[in-house]
There are 2 protein chains.
Amino acid sequence: MKAVEILNNHKIKRTSCREGIIEVVMTAKHALSENEIRERLSGNYDRTTFYRSFKTLEECKIIHKIVIDNQLVKYALDNTVTHKNEHAHFFCTKCNTVQCLDNVTVQKYKLPDGYSDFETDVLIKGICVNCKNQNKID
Amino acid sequence: MKAVEILNNHKIKRTSCREGIIEVVMTAKHALSENEIRERLSGNYDRTTFYRSFKTLEECKIIHKIVIDNQLVKYALDNTVTHKNEHAHFFCTKCNTVQCLDNVTVQKYKLPDGYSDFETDVLIKGICVNCKNQNKID
DNA sequence: GTACGTTTGCAACGTTGTTGCATTTGAAAT
DNA sequence: ATTTCAAATGCAACAACGTTGCAAACGTAC
Ligand SMILES: [Mn+2]
Ligand SMILES: [Mn+2]
Ligand SMILES: [Zn+2]
Ligand SMILES: [Zn+2]
């Protein structure tokens with residue numbers, strides 16, 4: 001699936017910024033921050049444009065946002081094929097990467113009487129397999 | 001349990017700012033933001049002092065921080081009696097309140113091979129019982 | 001009451017994110 | 001290909017949140 005097709009499918013304008021963001025996020029192994037995406041992009045865009053593009057892409061559910069603590073924000077593709085479930089996210093506190101755990105489905109929590117929910121965010125903090133293996137080498 | 005006692009138990013200095021924060025958070029029904037705490041406080045403190053106090057109280061596990069999306073931060077008491085489990089948090093998108101769901105224990109999620117974790121944050125977004133009942137009246 | 005280490009207030013700064021407005025761009029119609 | 005117009009962009013200005021260094025004030029132990 002090409003970035004342009006994705007934009008067409010969602011009936012939103014093809015712009016180089018949107019196209020670039022999708023391409024970068026599509027090929028990334030991890031979720032990426034604004035700056036990480038910018039670095040990987042060919043064009044140069046104003047921060048405003050970036051934020052507005054993220055917002056649009058998020059509203060179309062082309063990408064989704066993952067927030068870690070209060071200052072770190074990362075974006076990942078919201079492919080309906082791989083991300084069909086509500087999935088948990090993993091944050092490695094060693095290498096600071098964020099991953100979608102597509103196979104870790106979020107359970108439905110039983111709420112107190114009268115409470116209703118429409119979304120459950122699960123963020124697991126720990127050490128990823130790469131960082132674990134790196135330790136062995138040291 | 002008095003605020004001063006809590007500070008003594010943790011062997012950190014009793015200051016009016018720390019004492020005030022603890023008292024406010026102790027008597028609150030919901031988790032409170034920096035500004036909500038400031039409003040309920042008698043003294044007036046610099047933002048820097050506030051942030052440093054929160055940090056200290058958090059490190060001592062007297063309070064804990066709950067982050068909603070990326071800009072909303074709230075604080076709640078970290079009483080080992082009521083908060084003994086890793087518990088989920090609830091964010092009402094109507095009244096913007098955050099509550100510790102002390103009875104909603106967070107399960108241990110099964111991670112991919114080689115991954116280890118030390119913390120799981122669960123934030124459930126929905127409508128609280130107050131807001132639900134308010135709708136009925138309208 | 002003194003002494004000393006800790007905490008505070010202030011100023012300055014950095015980052016993140018938003019808004020209004022003029023200009024540019026994309027895509028559809030001609 | 002050219003025209004057209006809504007939508008997207010860049011820029012400037014702004015607000016909120018959070019951090020750092022340093023001098024002054026405070027809390028506690030002697
Ligand atoms: Mn994800
Ligand atoms: Mn809590
Ligand atoms: Zn890692
Ligand atoms: Zn509510």
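A, B, ... follow the sequence lines: proteins, then strands. Residue 1 opens every chain.
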Between CD of A/E58 and P of C/dG17 the distance, given in whole Å, is 11 Å

Provide, to the nearest angstrom, the distance between the CG atom belonging to A/L7 and the P atom belonging to D/dA7. 16 Å

Provide, to the nearest angstrom, the distance between the CZ atom belonging to A/F50 and the P atom belonging to C/dT15. 16 Å

Specify the separation, in whole Å, of atom CG of A/D69 and atom P of D/dG18. 11 Å

Look at all strands and tell whether A/N8 reaches a base, only sugar-phosphate, or nothing, counting heavy atoms closer than 4.0 Å. nothing

From CD of B/E19 across to P of D/dG27 the rounded distance in Å is 10 Å

Quick one: which of C/dT8, C/dC21, C/dG17 gets closest to the side chain of A/R52? C/dC21

Any side-chain N or O of B/N70 less than 4.0 Å from the OP1 or OP2 oxygen of C/dT16? no

Does NZ or CZ of A/R38 fall inside the cone over A/Y45's six-membered ring, less than 6.0 Å from its centre and within 45° of the axis? no

For a quick check of understanding: with a heavy-atom distance under 4.0 Å over all strands, which category does B/T48 fall into, base, sugar-phosphate or nothing? base

When you measure from the side-chain N and O atoms of B/T15 to the phosphate of C/dT7, is any distance below 4.0 Å, counting only OP1 and OP2? no

Closest to the side chain of B/Y51, out of C/dG9, D/dC17, D/dT9, is D/dC17

Check every strand shown and say whether A/S53 touches a base, only sugar-phosphate, or nothing at a heavy-atom separation below 4.0 Å. sugar-phosphate

Report which part of the nucleic acid A/R14 touches: base, sugar-phosphate, or nothing (heavy-atom distance under 4.0 Å, all strands). sugar-phosphate

Are the aromatic rings of A/H89 and A/H64 close, with centres under 6.0 Å apart? yes

Nearest-nucleotide 5' precedence on DNA chain C, A/N35 against B/R18: B/R18

Rounded to the nearest Å, what distance is computed from the CG atom of residue A/D46 to the P atom of nucleotide C/dG17? 14 Å

Quick one: label A/R47 by what it contacts on the DNA or RNA (base, sugar-phosphate, nothing), any heavy atom closer than 4.0 Å. base

Derivation and outcome, salt bridge (charged side-chain N to carboxylate O under 4.0 Å, His left out), residues A/K74 and A/E36: CA-CA 9 Å; A/K74 302 240 183 179; A/E36 288 166 339; 3.3 Å; yes

Quick one: does any side-chain atom of B/E86 pair with a main-chain N or O of B/T120 as donor and acceptor, under 3.5 Å? yes

Rounded distance (Å) that lies between atom C1' of D/dA8 and atom CG of A/N44: 17 Å

Would one find a side-chain N or O of A/T49 under 4.0 angstrom from OP1 or OP2 of D/dA8? no

Closer to the 5' end of DNA chain C via nearest nucleotide, is it A/K13 or B/Q71? B/Q71

Heavy-atom nearest nucleotide on DNA chain D for B/E34 versus B/S16: which residue maps closer to 5'? B/E34

Rounded to whole Å, how long is the line connecting atom NZ of B/K11 with atom C1' of D/dT28? 14 Å

So, B/R14 side chain and B/N8 main chain: donor-acceptor pair closer than 3.5 Å or not? no

Above 12 or not: heavy atoms from other molecules or residues under 6.0 Å from CG of A/N103? no

